[in-house]
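Residue numbers count from 1 along this sequence. Counting starts at 1 for both ligands and their atoms, following the listed order.
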Amino acid sequence: MLRLNVANRLDEAAALHWHGLHLPAAMDGGPHQPIAPGAIWSPEFRLMQKAGTFWFHAHQHGQTGRHVWAGMAGVIRVEDEEEAALPLPRTYGEDDFTLILQDRRFDADLQIPYAPDMHDRMSGLIGDRMLVNGQIGAHLPVDAPRIRLRIVNGANGSVYRLHFAGGEAFHQIASDGGLLPAPVSLTEALMAPGERAEYLVDLTAGAPLLLKAEVFGAESPFAGSVGIREVIELRPRTAHTSAPELPARLVDLPPPAPQTGKTRTFALAMTGMGLMGDFTINGARYDHDRVDFTVPLGATETWVIENRTEMLHPMHIHDVQFRILSRNGRPPQPREAGLKDVVLSHPGERLELRLSFADYADPASTYMMHCHILEHEDAGMMQQFAVI
Ligand code: C2O
Ligand code: CU
Ligand code: CU
């Protein structure tokens, strides 16, 4: 059993959610588990994840965006024997680095007030400064020939298109819930708020590599990108002639489980006109006192997400690691074919997901499914469900 003690030393209620972990709903740290000022919340659960990069962040009802913006987020690194047996970099701080990417907007006093205007509430709040683990203008001296970067998109509203300034290739080895079956070679990777990925980067060329992010808000399908920001410069300081060989295979990933339960459709929509609407799921905004649906324990379901808006919505589901079956009828790219808990949904797109609900049922506690653009979530683009 893992026992965590979360002490709320703020003078307002706050909640802390274990994003990506499979656990009992009462331990999930969602909006139904607020911690009173001065109180300590001590959830206990068995850690059932495969090795991977998970995170935790604030989830107070209606205040998630403000609390995360102010800094309430961190990373959980899960290790296991399967991963430990693979020839991968895993020495923390030497060849294995965790990077939380966020952007922030600073005022004249260098404070980061949470002050989204109408436009920010629609597009997601996006800062003008890129932060890596809270630092601006980060660089990383490296001695190893190949490093592993565990990247968390911890932004409120930004989708990042990660790439190196010189177009250098890198490999993705893990998605939200753990390792992929094999390394996937990429020259760019899109990461939406809430998503994690692990990458291998070869530094044997000896030259610095500058990681950049093109930043997209929810409205980017019609507004375009916000710009390109420098993320971090990797600076090799030891010469190597070659990097160790990349493993050709990582883990065995079974195909998505066969469906035994329902197919549910979630229609994402915007009601109202222009930039003044409400974001809804199946016609409704989140109601803290309404359980939207229940799922029978043991069921394997198919969830269809239909994006009927003009915007991007990274959809996140608590409790499970799901599999993407298709995007508009086409199978997912290899980098998205593994374990996922966030999936970026594009305008007009139809996504099919396969999810299995195992181990935990509790009619009295709910899990959330919501858009991970935190301004959308706080505006009610969220549903809650119980596993019974
Ligand atoms: Cu990462 Cu409901 O949250
Ligand atoms: Cu979550
Ligand atoms: Cu959204």
Side-chain angles (χ1 to χ4, degrees), residues 15-25 27-33 43 45 49 52-65 67-69 72-76 100 102 116 120-126 152-159 176-177 191-196 216-221 266-271 275 277-281 285-286 288 305-322 339-347 349 351 355 366-385:
L16 201 68
H17 164 60
W18 319 108
H19 179 128
L21 302 189
H22 173 49
L23 38 56
M27 307 297 161
D28 192 37
H32 289 285
Q33 286 99 37
F45 52 90
Q49 304 311 129
T53 305
F54 300 86
W55 67 307
F56 55 93
H57 61 78
H59 217 310
Q60 178 67 16
H61 179 43
Q63 303 298 328
T64 300
H67 284 174
V68 172
W69 183 263
M72 290 176 64
V75 174
I76 303 169
I100 305 193
Q102 298 179 309
D120 300 323
R121 290 187 190 280
M122 287 295 119
S123 203
L125 185 55
I126 296 178
V152 179
N153 181 342
N156 278 47
S158 304
V159 176
D176 299 330
M191 289 188 73
E195 284 189 302
R196 290 88 61 213
F216 298 92
E219 61 174 16
S220 63
F266 300 88
L268 315 181
M270 223 177 108
T271 58
L275 283 177
D278 276 335
F279 295 107
T280 59
I281 302 176
R285 295 175 61 200
Y286 177 73
H288 201 51
I305 297 176
E306 292 183 357
N307 184 341
R308 299 181 190 156
T309 75
E310 307 285 301
M311 297 195 185
L312 301 176
H313 300 288
M315 300 305 294
H316 169 53
I317 304 165
H318 289 209
D319 183 38
V320 293
Q321 289 295 325
F322 57 76
L339 301 173
K340 294 287 294 163
D341 55 58
V342 178
V343 59
L344 182 60
S345 145
H346 302 263
E349 194 173 47
L351 284 160
L355 327 74
T366 54
Y367 298 103
M368 304 291 140
M369 79 90 78
H370 60 88
C371 179
H372 221 287
I373 289 177
L374 302 181
E375 286 67 37
H376 292 186
E377 176 195 327
D378 283 338
M381 198 173 192
M382 176 155 77
Q383 292 210 331
Q384 54 179 323
F385 62 96

Inset, instruction - Find the distance between NE2 (His32) and CD (Gln384) and round it off to the nearest 0.5 Å. - result: 3.5 Å
Inset, instruction - Starting from the Cu ion (ligand 2), look over the N/O/S atoms of His316 and name the nearest one. - result: NE2
Inset, instruction - Decide, counting backbone as well as side-chain atoms, whether His59 has an N, O or S atom less than 2.8 Å from atom 1 (Cu) of ligand 1. - result: no
Inset, instruction - Report the relative orientation of the aromatic rings in His19 and His57; use parallel for angles under 30°, tilted for 30 to 60°, perpendicular for over 60°. - result: tilted
Legend entry - N, O or S of His59 under 2.8 Å from the Cu ion (ligand 2): no
Inset, instruction - Could you confirm whether His57 has any N/O/S atom lying under 2.8 Å from atom 1 (Cu) of ligand 1? - result: yes
Inset, instruction - Examine all N, O or S atoms of His19, backbone included, and report whether one is under 2.8 Å from atom 1 (Cu) of ligand 1. - result: yes
Legend entry - Atom name of the N, O or S atom in His313 that lies nearest to the Cu ion (ligand 3): ND1
Inset, instruction - Please check if the side chain of Tyr367 supplies one atom and the backbone of Ala25 the other of a donor-acceptor pair under 3.5 Å. - result: yes
Inset, instruction - Spell out, as yes or no, whether a donor-acceptor pair under 3.5 Å connects the side chain of Arg196 to the backbone of Gly194. - result: yes
Inset, instruction - Decide yes or no on side-chain contact (heavy atoms from CB on, under 4.5 Å) for Asp278 and Met381, but give the supporting numbers first. - result: CA-CA 8 Å; Asp278 276 335; Met381 198 173 192; over 6 Å; no
Legend entry - Residue His17, metal the Cu ion (ligand 2), N/O/S under 2.8 Å: yes
Legend entry - Under 2.8 Å: N/O/S of His376 next to the Cu ion (ligand 3): yes
Legend entry - Ion pair check, Asp378 and Arg121, cut-off under 4.0 Å: no
